[in-house]
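Sequence positions, counted from 1, serve as the residue numbers for this chain.
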Amino acid sequence: MKIKTFYKVKLKQGKENIPVKLAMSLLRDESPLVKYLSDNRALVWSYWPSNDTLHLKAEEKHLVIGKMMYPDLFPNRGRMGFMELYISRLLNKKLKKLRVWK
């Protein structure tokens with residue numbers, strides 16, 4: 001199978017310093033495309049310490065199917081930086097906790 005890079009995210013930029021494990025779990029939870037590829041064992045994570053980027057690669061066959069099923073990487077959000085994605089996830093978690101107690 002041929003593997004292609006479809007997404008790159010810079011983990012260390014300015015004052016941001018995101019751990020690799022946190023980035024992987026966040027991307028898997030927030031993106032239906034990444035979750036689909038991970039569930040089908042077509043996803044390959046590679047971290048490059050030289051430029052502090054996390055590369056997401058997938059088998060071409062599953063990537064085409066996933067892109068047809070989920071055309072946006074992060075639905076209803078447009079293009080987002082990693083910190084915006086992380087902050088929105090934290091806010092959504094807090095809102096869910098508040099809704100449970102009402």
NZ-CH2 distance between Lys21 and Trp45, expressed to the nearest 0.5 angstrom: 10.5 Å
Applying side chain to side chain contact (heavy atoms under 4.5 Å, CB included) to Val9 and Leu27, what does each step give before you reach the verdict? CA-CA 10 Å; Val9 62; Leu27 290 170; 4.2 Å; yes
May I ask you to test the His62-Tyr36 pair for a side-chain heavy-atom distance under 4.5 Å? yes
CG on Asp52 to CG on Asn17, rounded to 0.5 Å: 8.0 Å
For the residue pair Tyr47 and Thr53, establish whether any side-chain heavy-atom pair is separated by less than 4.5 Å. no
Between Trp48 and Ser46, is the side chain to side chain contact (heavy atoms under 4.5 Å, CB included) condition met? List the steps. CA-CA 7 Å; Trp48 293 10; Ser46 68; 3.7 Å; yes
Just how far is it from atom CG of Asp29 to atom CE of Met24, taken to the nearest 0.5 Å? 11.5 Å
Is there a side-chain contact between Phe6 and Leu43 (heavy atoms, below 4.5 Å)? yes
Is it true that Leu56 and Val44 fall in one hydrophobic cluster, defined by side-chain heavy atoms closer than 4.5 Å? no
Does Lys12 reach the main-chain N or O of Pro19 with its side chain, forming a donor-acceptor pair under 3.5 Å? no
Shared hydrophobic cluster, Tyr7 / Leu11 (ILVMFWY, side-chain heavy atoms < 4.5 Å): yes
Between atom CD of Glu59 and atom CG of Leu63, what is the distance when rounded to the nearest 0.5 Å? 10.0 Å
Going from NZ on Lys10 to CG on Asn51, what distance comes out if it is rounded to the nearest 0.5 angstrom? 5.0 Å
Kindly compute the distance separating CD1 (Ile3) from NZ (Lys57), expressed to the nearest 0.5 Å. 7.5 Å
Between the side chain of Ser31 and the main-chain N/O of Arg28, is any donor-acceptor distance below 3.5 Å? no
